[in-house]
Amino acid sequence: MKNKLVEETINHFDTAGFQADLINWFYQEQRQLPWREDKDPYKVWVSEIMLQQTKVDTVIPYFQRFMKKFPTLDDLAEADEQEVLKAWEGLGYYSRARNLQNAVKEVAASYDSKVPENANQLGALKGVGPYTKGAILSIAYDQPEPAVDGNVMRVLSRVLSIDEDIAKPKTRKTFESAVKAIISHEDPSAFNQGLMELGAIVCTPTTPSCMLCPVQSHCRAFAEGIQQDLPVKTKAKKQKQVGYLAFLVKDGNGNYLIEQRPETGLLASLWQFPMAPLAETDEEHAAQWFSQVYGVDIKIGGQVDRIKHVFSHLIWDVEVIEATVRGGVLVRDASRFVTVEELDQYPFPVSHQKMLKHVE
DNA sequence: AACACGGGGGA
DNA sequence: TCCCCAGTGTT
(Lines give C-alpha, C1' and ligand atoms only; values in the text may rest on other atoms or scores of the structure.)
Protein backbone atom coordinates (compact mmCIF):
# COMPACT_ATOMS: atom_id res chain seq x y z
CA MET A 1 0.00 0.00 0.00
CA LYS A 2 1.66 3.18 -1.19
CA ASN A 3 -0.70 5.74 0.25
CA LYS A 4 0.28 6.71 3.82
CA LEU A 5 -3.07 8.34 4.59
CA VAL A 6 -4.92 5.26 3.45
CA GLU A 7 -2.67 3.16 5.64
CA GLU A 8 -3.65 5.22 8.66
CA THR A 9 -7.30 5.07 7.68
CA ILE A 10 -7.36 1.29 7.30
CA ASN A 11 -5.35 0.67 10.45
CA HIS A 12 -8.30 0.39 12.84
CA PHE A 13 -10.83 -0.77 10.26
CA ASP A 14 -12.61 -4.11 10.68
CA THR A 15 -11.77 -5.36 7.22
CA ALA A 16 -12.90 -8.96 7.71
CA GLY A 17 -16.25 -7.90 9.14
CA PHE A 18 -16.83 -5.39 6.38
CA GLN A 19 -16.00 -7.95 3.68
CA ALA A 20 -18.37 -10.51 5.18
CA ASP A 21 -21.28 -8.09 5.60
CA LEU A 22 -20.84 -6.64 2.13
CA ILE A 23 -20.45 -9.95 0.32
CA ASN A 24 -23.33 -11.65 2.15
CA TRP A 25 -25.56 -8.70 1.35
CA PHE A 26 -24.54 -8.81 -2.30
CA TYR A 27 -25.44 -12.49 -2.68
CA GLN A 28 -28.73 -11.86 -0.88
CA GLU A 29 -29.85 -8.66 -2.56
CA GLN A 30 -28.15 -8.36 -5.95
CA ARG A 31 -30.37 -7.58 -8.90
CA GLN A 32 -30.72 -10.28 -11.54
CA LEU A 33 -29.16 -8.69 -14.59
CA PRO A 34 -28.53 -10.12 -18.07
CA TRP A 35 -24.76 -9.84 -17.71
CA ARG A 36 -24.80 -11.68 -14.39
CA GLU A 37 -26.12 -14.93 -15.85
CA ASP A 38 -22.58 -16.17 -16.33
CA LYS A 39 -19.02 -14.88 -16.15
CA ASP A 40 -18.20 -14.95 -19.85
CA PRO A 41 -15.38 -12.37 -20.05
CA TYR A 42 -16.75 -11.04 -23.35
CA LYS A 43 -20.17 -10.36 -21.81
CA VAL A 44 -18.60 -8.83 -18.71
CA TRP A 45 -16.52 -6.61 -20.97
CA VAL A 46 -19.42 -5.42 -23.11
CA SER A 47 -21.57 -4.73 -20.06
CA GLU A 48 -18.81 -2.76 -18.34
CA ILE A 49 -18.30 -0.56 -21.40
CA MET A 50 -22.03 0.06 -21.73
CA LEU A 51 -22.32 0.86 -18.04
CA GLN A 52 -19.73 3.63 -18.20
CA GLN A 53 -21.56 6.84 -17.31
CA THR A 54 -24.82 5.03 -18.01
CA LYS A 55 -27.57 3.71 -15.71
CA VAL A 56 -28.35 0.00 -15.42
CA ASP A 57 -31.97 0.41 -16.57
CA THR A 58 -30.83 2.17 -19.72
CA VAL A 59 -28.22 -0.49 -20.51
CA ILE A 60 -30.38 -3.63 -20.11
CA PRO A 61 -32.24 -3.51 -23.46
CA TYR A 62 -29.10 -2.41 -25.31
CA PHE A 63 -27.10 -5.26 -23.82
CA GLN A 64 -29.73 -7.83 -24.77
CA ARG A 65 -29.99 -6.61 -28.35
CA PHE A 66 -26.21 -6.39 -28.62
CA MET A 67 -25.69 -9.97 -27.45
CA LYS A 68 -28.33 -11.24 -29.82
CA LYS A 69 -26.63 -9.45 -32.71
CA PHE A 70 -23.02 -10.12 -31.67
CA PRO A 71 -23.14 -13.28 -29.51
CA THR A 72 -19.39 -13.87 -29.47
CA LEU A 73 -16.24 -11.81 -29.50
CA ASP A 74 -15.54 -12.94 -33.05
CA ASP A 75 -18.99 -11.88 -34.22
CA LEU A 76 -18.28 -8.38 -32.98
CA ALA A 77 -14.77 -8.36 -34.39
CA GLU A 78 -16.06 -9.22 -37.86
CA ALA A 79 -19.05 -6.88 -37.82
CA ASP A 80 -19.47 -3.75 -39.92
CA GLU A 81 -18.71 -0.62 -37.89
CA GLN A 82 -21.94 1.08 -38.98
CA GLU A 83 -23.88 -1.92 -37.67
CA VAL A 84 -22.12 -1.65 -34.33
CA LEU A 85 -22.91 2.07 -34.13
CA LYS A 86 -26.53 1.33 -35.06
CA ALA A 87 -26.69 -1.09 -32.12
CA TRP A 88 -25.26 1.67 -29.93
CA GLU A 89 -27.63 4.35 -31.25
CA GLY A 90 -29.09 6.40 -28.40
CA LEU A 91 -26.65 5.11 -25.78
CA GLY A 92 -24.22 8.01 -26.18
CA TYR A 93 -20.43 8.24 -25.91
CA TYR A 94 -20.14 6.54 -29.27
CA SER A 95 -16.37 6.26 -29.09
CA ARG A 96 -17.04 3.51 -26.54
CA ALA A 97 -18.50 1.38 -29.33
CA ARG A 98 -15.70 2.16 -31.76
CA ASN A 99 -12.99 1.52 -29.17
CA LEU A 100 -14.67 -1.70 -28.08
CA GLN A 101 -14.70 -3.07 -31.59
CA ASN A 102 -11.12 -1.95 -32.13
CA ALA A 103 -10.09 -3.79 -28.96
CA VAL A 104 -12.07 -6.90 -29.81
CA LYS A 105 -10.34 -7.08 -33.20
CA GLU A 106 -7.02 -6.86 -31.37
CA VAL A 107 -7.99 -9.72 -29.06
CA ALA A 108 -9.05 -11.84 -32.03
CA ALA A 109 -5.80 -11.15 -33.88
CA SER A 110 -3.27 -11.29 -31.03
CA TYR A 111 -4.83 -13.39 -28.27
CA ASP A 112 -6.65 -16.14 -30.15
CA SER A 113 -9.99 -14.45 -29.38
CA LYS A 114 -9.54 -14.94 -25.64
CA VAL A 115 -9.86 -11.88 -23.39
CA PRO A 116 -6.44 -11.47 -21.70
CA GLU A 117 -6.13 -12.35 -18.02
CA ASN A 118 -2.91 -10.37 -17.93
CA ALA A 119 -3.42 -6.88 -16.52
CA ASN A 120 -0.94 -5.14 -18.82
CA GLN A 121 -2.26 -6.80 -21.97
CA LEU A 122 -5.84 -6.08 -20.95
CA GLY A 123 -5.16 -2.48 -20.01
CA ALA A 124 -3.41 -1.80 -23.32
CA LEU A 125 -6.64 -2.43 -25.25
CA LYS A 126 -8.54 0.58 -26.61
CA GLY A 127 -11.25 1.73 -24.25
CA VAL A 128 -10.03 -0.42 -21.36
CA GLY A 129 -8.95 2.00 -18.66
CA PRO A 130 -8.16 1.38 -14.99
CA TYR A 131 -11.79 0.81 -14.03
CA THR A 132 -12.73 -1.61 -16.82
CA LYS A 133 -9.48 -3.51 -16.45
CA GLY A 134 -10.13 -4.08 -12.75
CA ALA A 135 -13.77 -4.96 -13.35
CA ILE A 136 -12.96 -7.64 -15.93
CA LEU A 137 -10.07 -9.08 -13.91
CA SER A 138 -12.10 -9.29 -10.70
CA ILE A 139 -15.52 -10.25 -12.06
CA ALA A 140 -14.56 -12.61 -14.88
CA TYR A 141 -11.21 -13.89 -13.59
CA ASP A 142 -11.49 -13.60 -9.78
CA GLN A 143 -8.37 -11.50 -9.41
CA PRO A 144 -8.21 -9.16 -6.36
CA GLU A 145 -7.88 -5.96 -8.42
CA PRO A 146 -9.57 -2.64 -7.59
CA ALA A 147 -12.35 -1.42 -9.91
CA VAL A 148 -12.94 2.12 -8.78
CA ASP A 149 -15.86 4.00 -10.28
CA GLY A 150 -18.08 6.77 -8.98
CA ASN A 151 -20.07 4.35 -6.82
CA VAL A 152 -16.99 2.94 -5.16
CA MET A 153 -15.59 6.39 -4.41
CA ARG A 154 -18.90 7.50 -2.92
CA VAL A 155 -19.33 4.37 -0.77
CA LEU A 156 -15.76 4.31 0.50
CA SER A 157 -15.57 8.07 1.02
CA ARG A 158 -18.42 7.55 3.50
CA VAL A 159 -17.39 4.23 5.05
CA LEU A 160 -13.81 5.39 5.56
CA SER A 161 -14.65 9.08 5.93
CA ILE A 162 -12.32 10.28 3.18
CA ASP A 163 -12.83 13.92 2.16
CA GLU A 164 -10.58 14.17 -0.89
CA ASP A 165 -12.26 15.84 -3.88
CA ILE A 166 -13.46 12.97 -6.10
CA ALA A 167 -13.56 15.33 -9.09
CA LYS A 168 -9.76 15.34 -9.09
CA PRO A 169 -8.07 12.62 -11.19
CA LYS A 170 -5.51 11.65 -8.59
CA THR A 171 -8.18 10.94 -5.99
CA ARG A 172 -9.02 7.74 -7.83
CA LYS A 173 -5.58 6.45 -6.85
CA THR A 174 -6.35 7.02 -3.20
CA PHE A 175 -9.43 4.84 -3.50
CA GLU A 176 -7.54 2.21 -5.47
CA SER A 177 -5.10 2.00 -2.58
CA ALA A 178 -8.01 1.70 -0.17
CA VAL A 179 -9.61 -1.12 -2.17
CA LYS A 180 -6.30 -2.97 -2.42
CA ALA A 181 -6.09 -2.80 1.36
CA ILE A 182 -9.55 -4.15 2.10
CA ILE A 183 -10.59 -6.26 -0.92
CA SER A 184 -11.55 -9.88 -0.27
CA HIS A 185 -9.04 -12.29 -1.77
CA GLU A 186 -11.52 -15.14 -1.40
CA ASP A 187 -14.21 -13.43 -3.48
CA PRO A 188 -12.97 -10.26 -5.16
CA SER A 189 -15.80 -10.45 -7.70
CA ALA A 190 -18.56 -10.23 -5.10
CA PHE A 191 -16.60 -7.64 -3.14
CA ASN A 192 -16.21 -5.24 -6.06
CA GLN A 193 -19.71 -5.80 -7.39
CA GLY A 194 -21.03 -5.44 -3.85
CA LEU A 195 -19.43 -2.01 -3.50
CA MET A 196 -20.98 -0.87 -6.78
CA GLU A 197 -24.36 -2.45 -6.07
CA LEU A 198 -24.41 -0.81 -2.65
CA GLY A 199 -23.66 2.54 -4.25
CA ALA A 200 -26.45 2.07 -6.78
CA ILE A 201 -29.15 0.84 -4.39
CA VAL A 202 -28.38 2.00 -0.84
CA CYS A 203 -25.48 4.41 -0.61
CA THR A 204 -26.99 6.79 -3.16
CA PRO A 205 -25.68 10.32 -3.88
CA THR A 206 -28.48 12.16 -2.08
CA THR A 207 -30.34 10.78 0.93
CA PRO A 208 -28.57 7.43 1.30
CA SER A 209 -30.66 4.68 2.93
CA CYS A 210 -28.38 4.24 5.93
CA MET A 211 -31.10 2.46 7.93
CA LEU A 212 -31.09 -0.34 5.35
CA CYS A 213 -27.33 -0.45 4.92
CA PRO A 214 -25.61 -3.81 5.50
CA VAL A 215 -22.34 -2.10 6.46
CA GLN A 216 -23.82 0.67 8.60
CA SER A 217 -21.88 -0.58 11.65
CA HIS A 218 -18.63 -0.09 9.70
CA CYS A 219 -19.46 3.35 8.35
CA ARG A 220 -17.49 6.22 9.86
CA ALA A 221 -19.53 8.91 8.09
CA PHE A 222 -22.73 7.48 9.56
CA ALA A 223 -21.17 7.33 13.00
CA GLU A 224 -20.25 10.99 12.69
CA GLY A 225 -23.54 11.94 11.02
CA ILE A 226 -21.78 13.39 7.97
CA GLN A 227 -22.91 10.93 5.28
CA GLN A 228 -24.76 13.76 3.51
CA ASP A 229 -21.55 15.79 3.26
CA LEU A 230 -19.59 13.06 1.48
CA PRO A 231 -18.18 12.59 -1.02
CA VAL A 232 -16.63 16.01 -1.58
CA LYS A 233 -16.94 16.96 -5.23
CA THR A 234 -16.24 20.30 -6.88
CA LYS A 235 -18.75 21.17 -9.55
CA ALA A 236 -18.11 21.35 -13.26
CA LYS A 237 -18.43 24.60 -15.16
CA LYS A 238 -21.62 25.08 -17.12
CA GLN A 239 -22.09 24.22 -20.78
CA LYS A 240 -21.53 26.52 -23.72
CA GLN A 241 -24.53 27.14 -25.95
CA VAL A 242 -24.29 26.85 -29.75
CA GLY A 243 -26.97 27.68 -32.31
CA TYR A 244 -27.63 25.78 -35.55
CA LEU A 245 -30.03 25.63 -38.46
CA ALA A 246 -30.95 22.07 -39.43
CA PHE A 247 -32.28 21.39 -42.94
CA LEU A 248 -34.89 18.79 -43.81
CA VAL A 249 -34.22 18.85 -47.54
CA LYS A 250 -36.52 16.82 -49.79
CA ASP A 251 -35.84 16.23 -53.48
CA GLY A 252 -38.36 15.66 -56.28
CA ASN A 253 -38.55 11.94 -55.51
CA GLY A 254 -39.35 12.53 -51.84
CA ASN A 255 -35.85 11.53 -50.71
CA TYR A 256 -34.12 13.32 -47.84
CA LEU A 257 -30.57 14.60 -47.66
CA ILE A 258 -28.40 13.23 -44.86
CA GLU A 259 -24.67 13.33 -44.19
CA GLN A 260 -22.12 11.45 -42.13
CA ARG A 261 -20.25 13.30 -39.42
CA PRO A 262 -16.43 13.23 -39.30
CA GLU A 263 -14.85 10.10 -37.85
CA THR A 264 -13.41 11.99 -34.90
CA GLY A 265 -14.91 14.36 -32.37
CA LEU A 266 -18.50 14.81 -31.29
CA LEU A 267 -20.90 12.07 -32.45
CA ALA A 268 -18.15 10.65 -34.63
CA SER A 269 -19.31 8.77 -37.75
CA LEU A 270 -22.99 9.14 -36.94
CA TRP A 271 -25.44 10.51 -39.51
CA GLN A 272 -27.48 13.68 -39.39
CA PHE A 273 -29.52 16.14 -41.40
CA PRO A 274 -27.37 19.00 -42.73
CA MET A 275 -26.67 21.70 -40.18
CA ALA A 276 -25.42 25.28 -40.44
CA PRO A 277 -23.77 26.88 -37.42
CA LEU A 278 -25.51 30.18 -36.71
CA ALA A 279 -22.00 31.56 -36.25
CA GLU A 280 -21.61 31.20 -40.03
CA THR A 281 -25.00 32.26 -41.34
CA ASP A 282 -28.57 33.19 -40.39
CA GLU A 283 -32.13 32.43 -41.51
CA GLU A 284 -32.06 35.03 -44.32
CA HIS A 285 -28.88 33.68 -45.91
CA ALA A 286 -29.55 30.02 -45.23
CA ALA A 287 -30.30 29.04 -48.84
CA GLN A 288 -27.17 30.79 -50.04
CA TRP A 289 -25.02 29.13 -47.38
CA PHE A 290 -26.53 25.78 -48.26
CA SER A 291 -25.88 26.16 -51.97
CA GLN A 292 -22.28 27.09 -51.34
CA VAL A 293 -21.57 24.15 -49.04
CA TYR A 294 -23.67 21.41 -50.66
CA GLY A 295 -23.93 22.59 -54.26
CA VAL A 296 -27.68 22.13 -54.09
CA ASP A 297 -30.11 25.00 -54.61
CA ILE A 298 -33.01 24.85 -52.21
CA LYS A 299 -36.24 26.68 -51.52
CA ILE A 300 -36.76 27.22 -47.82
CA GLY A 301 -40.22 26.24 -46.61
CA GLY A 302 -40.25 27.37 -43.02
CA GLN A 303 -39.32 26.51 -39.48
CA VAL A 304 -41.04 23.37 -38.23
CA ASP A 305 -39.36 22.82 -34.87
CA ARG A 306 -36.83 24.05 -32.37
CA ILE A 307 -34.72 21.55 -30.51
CA LYS A 308 -32.63 22.18 -27.44
CA HIS A 309 -30.21 19.32 -26.89
CA VAL A 310 -28.02 19.15 -23.81
CA PHE A 311 -24.65 17.40 -23.85
CA SER A 312 -22.35 17.11 -20.85
CA HIS A 313 -20.16 19.96 -22.11
CA LEU A 314 -22.36 22.00 -24.49
CA ILE A 315 -25.91 22.79 -25.54
CA TRP A 316 -27.23 22.70 -29.08
CA ASP A 317 -30.05 25.11 -29.90
CA VAL A 318 -31.32 23.94 -33.28
CA GLU A 319 -33.92 25.59 -35.51
CA VAL A 320 -35.33 22.93 -37.81
CA ILE A 321 -36.42 24.15 -41.24
CA GLU A 322 -37.98 22.39 -44.23
CA ALA A 323 -36.74 22.89 -47.78
CA THR A 324 -37.14 21.46 -51.26
CA VAL A 325 -34.56 20.98 -54.01
CA ARG A 326 -34.71 23.36 -56.99
CA GLY A 327 -31.54 22.29 -58.76
CA GLY A 328 -27.79 21.97 -58.55
CA VAL A 329 -25.53 18.98 -57.99
CA LEU A 330 -24.62 17.49 -54.63
CA VAL A 331 -20.91 18.09 -54.08
CA ARG A 332 -20.53 17.42 -50.36
CA ASP A 333 -18.61 14.26 -49.41
CA ALA A 334 -20.33 11.69 -47.24
CA SER A 335 -23.77 13.07 -47.99
CA ARG A 336 -26.59 11.48 -49.92
CA PHE A 337 -30.31 11.47 -50.62
CA VAL A 338 -32.10 8.48 -49.13
CA THR A 339 -35.67 7.27 -49.03
CA VAL A 340 -37.68 7.58 -45.86
CA GLU A 341 -37.54 3.79 -45.47
CA GLU A 342 -33.75 3.82 -45.68
CA LEU A 343 -33.40 6.42 -42.93
CA ASP A 344 -33.66 3.88 -40.13
CA GLN A 345 -30.66 1.97 -41.44
CA TYR A 346 -28.41 4.82 -40.35
CA PRO A 347 -27.28 5.61 -36.79
CA PHE A 348 -28.56 9.07 -35.78
CA PRO A 349 -27.83 10.95 -32.55
CA VAL A 350 -30.90 11.53 -30.41
CA SER A 351 -30.98 15.22 -31.33
CA HIS A 352 -31.61 14.30 -34.96
CA GLN A 353 -33.93 11.43 -34.15
CA LYS A 354 -36.20 14.13 -32.76
CA MET A 355 -36.39 15.64 -36.25
CA LEU A 356 -37.55 12.39 -37.82
CA LYS A 357 -41.14 13.10 -36.84
CA HIS A 358 -41.20 15.90 -39.42
CA VAL A 359 -40.21 13.49 -42.17
CA GLU A 360 -43.00 11.85 -44.12
C1' DA B 1 -4.52 18.42 -14.78
C1' DA B 2 -8.04 19.87 -17.91
C1' DC B 3 -11.03 18.92 -21.36
C1' DA B 4 -13.87 16.33 -24.85
C1' DC B 5 -17.21 13.06 -25.13
C1' DG B 6 -24.17 11.56 -24.86
C1' DG B 7 -27.97 10.76 -22.84
C1' DG B 8 -31.36 9.89 -19.36
C1' DG B 9 -33.32 10.27 -14.83
C1' DG B 10 -33.97 11.90 -10.12
C1' DA B 11 -34.53 15.52 -6.51
C1' DT C 1 -32.56 23.77 -12.65
C1' DC C 2 -28.77 21.06 -11.13
C1' DC C 3 -26.56 16.88 -10.30
C1' DC C 4 -25.73 12.19 -10.93
C1' DC C 5 -24.13 8.09 -13.40
C1' DA C 6 -20.36 0.59 -13.61
C1' DG C 7 -14.76 6.28 -17.42
C1' DT C 8 -11.45 6.78 -21.23
C1' DG C 9 -8.58 9.22 -24.59
C1' DT C 10 -6.24 13.30 -25.85
C1' DT C 11 -3.67 17.29 -25.05
Side-chain angles (χ1 to χ4, degrees), chain A residues 30-31 33-36 43-63 85 88-100 102-103 122-136 138-140 146-155 165-173 175-176 179 189 192-201 203-208 228 231 233-240 242 261-270 272 307-316 347-354:
Chain A
Q30 65 167 308
R31 295 165 290 182
L33 301 171
W35 49 88
R36 286 181 177 162
K43 292 183 192 168
V44 171
W45 186 3
V46 171
S47 69
E48 290 303 338
I49 300 297
M50 286 187 170
L51 286 162
Q52 289 172 12
Q53 305 297 314
T54 311
K55 288 293 209 312
V56 164
D57 289 339
T58 304
V59 167
I60 291 172
Y62 280 92
F63 180 82
L85 284 174
W88 211 271
E89 182 184 63
L91 204 47
Y93 282 137
Y94 299 94
S95 65
R96 290 184 295 176
R98 294 156 53 89
N99 288 339
L100 174 61
N102 176 305
L122 189 57
L125 297 169
K126 266 282 193 302
V128 180
Y131 166 75
T132 305
K133 180 176 68 175
I136 292 172
S138 62
I139 296 171
V148 174
D149 64 358
N151 281 319
V152 172
M153 289 198 283
R154 183 172 60 258
V155 169
D165 182 359
I166 67 167
K168 296 197 179 308
K170 74 173 209 185
T171 301
R172 196 196 75 241
K173 297 178 188 298
F175 285 97
E176 285 176 348
V179 171
S189 170
N192 277 346
Q193 291 189 80
L195 282 180
M196 294 188 271
E197 193 80 343
L198 192 65
I201 297 175
C203 197
T204 49
T206 60
T207 55
Q228 298 275 6
K233 184 174 187 180
T234 55
K235 52 179 182 292
K237 65 179 203 283
K238 75 171 189 184
Q239 306 100 318
K240 202 173 300 178
V242 192
R261 296 179 59 86
E263 58 183 51
T264 58
L266 184 64
L267 304 169
S269 299
L270 270 67
Q272 66 179 16
I307 291 168
K308 215 175 161 76
H309 192 81
V310 180
F311 298 86
S312 52
H313 58 303
L314 61 87
I315 299 172
W316 277 2
F348 283 86
V350 168
S351 50
H352 282 252
Q353 287 177 39
K354 294 172 186 167

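Small disclaimer: the values here were computed from a predicted structure and weren't measured. Every chain is numbered from 1 and lettered A, B, ... according to where its sequence line falls, protein lines coming before strand lines.
- Spacing between B:dG6 and C:dT11 at atom P, rounded to whole Å, works out to 16 Å.
- The distance from atom CG of A:Leu91 to atom P of C:dC5 is 17 Å, rounded to the nearest whole Å.
- Residue order along DNA chain B, read from the 5' end via each residue's closest nucleotide, puts A:Thr171 first among A:Thr171 and A:Lys240.
- A heavy-atom distance below 4.5 Å is found between the side chains of A:Trp45 and A:Leu100.
- One atom, CG of A:Asn102, and another, C1' of C:dG9, lie 12 Å apart when rounded to the nearest Å.
- For the pair A:Leu122 CG and C:dT8 C1', the interatomic distance rounds to 14 Å; values are reported in whole Å.
- Residue A:Gly199 is out of contact with every strand shown, counting any heavy-atom pair closer than 4.0 Å.
- Remark: C1' of C:dG7 and CG of A:Leu100 are 14 Å apart, rounded to the nearest angstrom.
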Sort me out a list of protein N/O and nucleotides 2-4 of chain C N/O pairs below 3.5 Å, or just none if empty.
none

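- With hydrogens and angles ignored, the 3.5 Å screen pairs no side-chain donor or acceptor of A:Arg96 with any backbone N or O of A:Gly127.
- Side-chain contact check for A:Phe311 versus A:Leu267: some heavy-atom pair is nearer than 4.5 Å.
- Nearest-nucleotide positions on DNA chain C place A:Ser312 closer to the 5' end than the other of A:Ser312 and A:Ile49.
- Where A:Thr207 and A:Thr58 meet DNA chain B, the nucleotide closest to each residue was compared, and A:Thr58 sits on the side nearer the 5' end.
- When the side-chain contact (heavy atoms from CB on, under 4.5 Å) test is applied to A:Met153, the partners found at least two apart in sequence or on another chain are A:Val148, A:Ile166, A:Phe175.
- Considering only residues two or more places apart in sequence or on other chains, A:Lys133 meets the side-chain contact (heavy atoms from CB on, under 4.5 Å) condition with A:Ala119, A:Leu122, A:Val128, A:Leu137.
- In 5' to 3' order, the nucleotides of DNA chain B bounding all contacts with chain A (an atom under 4.0 Å from a heavy atom) are B:dA1 to B:dA11.
- DNA chain B contains the following stems of three or more consecutive Watson-Crick or G-U pairs, with both distances under 3.5 Å: B:1-5 with C:7-11, B:7-11 with C:1-5.
- Rounded to whole Å, the distance from CD on A:Gln53 to P on C:dT8 is 9 Å.
- Near DNA chain C, meaning a heavy atom under 4.0 Å away, the residues from residues 125-132 of chain A are A:Leu125, A:Lys126, A:Gly127, A:Val128, A:Gly129, A:Pro130, A:Tyr131, A:Thr132.
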